[in-house]
Each structure stands twice: as C-alpha cells, then as structure tokens.
Amino acid sequence: MATAEYTLDSVRKALVRQEDTIVFALIERAKFPFNSLTYDHNYLQIPGFCGSLVDFVVNNTEGVQAKAGRYKNPEENPFFPENLLSSLVPSYPFTQILHPGAASININKSIWKIYFHDLLPLLVASGDDGNYAQTAASDLSLLQAISKRVHYGKFVAEVKFRESPQDYEPLIRAKDTEGLMKLLTFKSVEEMVKKRVEKKAVVFGQEISLNSNDDKKGKSKFDPSVASQLYEKWVIPLTKEVQVEYLLRRLD
C-alpha cells in the first residue's frame, strides 16, 4: 500500500476485509474437534525439538515463510521471531509509513496464550479425530489472521496521529496511557464491528443448498457468537493495546 493510500478510510477498509479472513479461518478450525494431542508436549518425539506438534508446525512454517520474505512486510509479525532466519529473496521496497519504534511491538505471546486457553474451548467440540497435522495447520492460519488484525493497530494509530497530532502529542509526552486509550475508544464503532463480524459468521458459515427448501437451512458450521466474542474480548482490546504502545513510541 502506497503512502497516499494509508488514510483512515483505507485502513478501516483493510480491517473490514480482514474480518472475512478471520471468519473463514474460524470455519476451517471448527471442522476439527479439539484434538488435544496436537498440543501435548509428550506426544511429539522429534530429536532436537522440544514442544508440541503445533509448536513444531508454527516454528517450521514461520521459518520457511521468513526465508521467502514474509516478515519483511511491516504488516506481518511472527510468533517465534527468535527462531527466524534471514530472507533469501530480494526485498520489496515496502512503504515505510510507520515510526521505527513499531518494529519492537509484538504481542503475539498474548495472542498465543488467549488462543489456546480461551478461544479454542469456545470454538471447537471436544473429541479426537486423529487429524493433528491438519489441526495445527488450521491453528496457524487462524493465529496469523488474528495477529495481523491486532497488529494492524500500528497503522490505525499512525493515521489517527497524522490526522490530529495536536490531540495526541500532549498525551504522548505525558505518557498518559489512560488518556490515549480513551481517545482511541469509540463504543458505537466497536458495537458495529461486533455485529458485522457475527453477521458474516452467520452468512459465511451457513450450509448452502441448491434446494431452497433444504432442511439444513439456518444451520451453521460454528457458533457465530464466537466471532463476536473473539472481537469483543480479545481482538478489539488487543488492537487498542497495540495502538497505545505505538503512540507512546511515536515521538521518540
């Protein structure tokens, strides 16, 4: 995205589009039961590696993606940055709209903990179908989608700061995190986002039939309220946390 395209309107459109990605990723993960062995550190026996199958899949996938240049894009944030190797492909000249301090903001550890401890029990049924590798892959897709949405708060904060620096600078200089959070919070917008995400979950998650009288009409691939809860409890608060962290570094 070119610098001229980073406006509050364009950033909001990007966030709306990311809702689609998250809802589809929720649908994909909901295809599988919990599959607890995917997360059992005693299940995987790989020489030289300590962790669960999902740890193994995420670490190695991020490693390949890093070599391919994924994390050169400022919109992407790895879950295991300490394990990444340098990109092997020529770098693309991404527009540097963000303050350099943005590079130090990565709250994926919080997202990781919330995902496995709080979100998964809401999203999936208990049980085991043996599809552990597929489960881990769908976990990764959903984790990356949530992470991108949350860390996009850096871009939201930047365009808001550029539009009204006079509102933000005094609070930043005073390190007034509460004041910044208040300035960034619009309850009516948050309510609209939650309702839109749940509606998308209803529409995208319904069983489709060519027979308009099919008795499956109205059934969903997962509970649509989970999408709304995801945004209300975690995505929106964490995005604002990223915005505040970014703004506190903006004048450095």
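Just so you know, these numbers come straight off a predicted model, no measurement behind them.
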Show me the pairs that pass ring pair (Phe, Tyr, Trp, His ring centres under 6.0 Å) and involve residues 220-252, at least two apart or across chains.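 Counting only pairs at least two positions apart or across chains, no ring pair (Phe, Tyr, Trp, His ring centres under 6.0 Å) contact touches residues 220-252.
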Quick one: ring pair (Phe, Tyr, Trp, His ring centres under 6.0 Å) pairs with a partner in residues 43-76, sequence neighbours left out?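 Residue pairs with at least one partner in residues 43-76: Y43-Y132, F49-F56.
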Do NZ/NE/NH1/NH2 and the carboxylate oxygens of E158 and R162 come within less than 4.0 Å?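 So E158 pairs with R162 through a salt bridge.
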About how many Å separate [atom2] of [Y] and [atom1] of [X], when rounded to the nearest 0.5 Å?
{"X": "D129", "Y": "Q134", "atom1": "CG", "atom2": "CD", "result": "8.0 Å"}
{"X": "T239", "Y": "K154", "atom1": "OG1", "atom2": "NZ", "result": "12.0 Å"}
{"X": "I27", "Y": "L142", "atom1": "CD1", "atom2": "CG", "result": "11.0 Å"}
{"X": "D118", "Y": "L230", "atom1": "CG", "atom2": "CG", "result": "11.0 Å"}
{"X": "L180", "Y": "R250", "atom1": "CG", "atom2": "CZ", "result": "13.0 Å"}
{"X": "S10", "Y": "L15", "atom1": "OG", "atom2": "CG", "result": "9.5 Å"}

How would you list all residue pairs meeting salt bridge (Lys or Arg N to Asp or Glu O under 4.0 Å) that involve [range], not counting sequence neighbours?
{"range": "residues 51-74", "answer": "R70-E76"}
{"range": "residues 223-242", "answer": "E190-K240, K194-E232"}
{"range": "residues 31-40", "answer": "E28-K31"}

Taking every non-hydrogen atom, the tightest pair across [X] and [Y]:
{"X": "S126", "Y": "P33", "answer": "O-CB, 3.9 Å"}
{"X": "R149", "Y": "I22", "answer": "CB-CD1, 3.8 Å"}
{"X": "L122", "Y": "V226", "answer": "O-CG2, 3.6 Å"}

Could you check whether any side-chain heavy atom of K148 comes within less than 4.5 Å of a side-chain heavy atom of Q18, counting everything from C-beta outward?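 They are in contact (side-chain heavy atoms under 4.5 Å apart), so the answer is yes.
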For D9, salt bridge (Lys or Arg N to Asp or Glu O under 4.0 Å) partners two or more places apart: K13
Which of D252, L251, T177 passes side-chain contact (heavy atoms from CB on, under 4.5 Å) with I172? It is L251
Between [X] and [Y], is there shared hydrophobic-cluster membership here, with clusters defined by ILVMFWY side-chain heavy atoms closer than 4.5 Å?
{"X": "V23", "Y": "I208", "answer": "no"}
{"X": "V58", "Y": "F32", "answer": "no"}
{"X": "L143", "Y": "V64", "answer": "no"}

Got a list of side-chain donor-acceptor pairs under 3.5 Å for residues 82-89, not counting sequence neighbours?
from : atom 1 : to  : atom 2 : distance (Å)
N83  : ND2    : N59 : OD1    : 2.5
S87  : OG     : V89 : N      : 3.3
S87  : OG     : V89 : O      : 3.4

List the residues meeting side-chain hydrogen bond (donor to acceptor under 3.5 Å, both in side chains) with [X], not counting sequence neighbours, and say none if there are none.
{"X": "T135", "answer": "N35"}
{"X": "K221", "answer": "none"}
{"X": "N42", "answer": "none"}

Got a list of side-chain donor-acceptor pairs under 3.5 Å for residues 195-205, not counting sequence neighbours?
from : atom 1 : to  : atom 2 : distance (Å)
R196 : NE     : E19 : OE1    : 2.9
R196 : NE     : E19 : OE2    : 3.4
R196 : NH2    : E19 : OE2    : 2.6
K200 : NZ     : V16 : O      : 3.0
K200 : NZ     : E19 : OE1    : 3.0
K200 : NZ     : D20 : OD1    : 2.7

Does any donor atom in the side chain of Q144 or Q65 lie under 3.5 Å from an acceptor atom in the other side chain? yes
Throw together a table of side-chain donor-acceptor distances under 3.5 angstrom for residues 102-116, partners on residues two or more places apart or in other chains.
from : atom 1 : to   : atom 2 : distance (Å)
S104 : OG     : G101 : O      : 2.8
S104 : OG     : R249 : NE     : 3.1
N106 : OD1    : N108 : N      : 2.9
N106 : OD1    : N108 : ND2    : 3.4
N106 : ND2    : P78  : O      : 3.0
N108 : OD1    : S147 : OG     : 2.7
N108 : ND2    : N77  : O      : 2.8
N108 : ND2    : P78  : O      : 2.9
N108 : ND2    : S147 : OG     : 3.4
Y115 : OH     : D139 : OD1    : 2.5

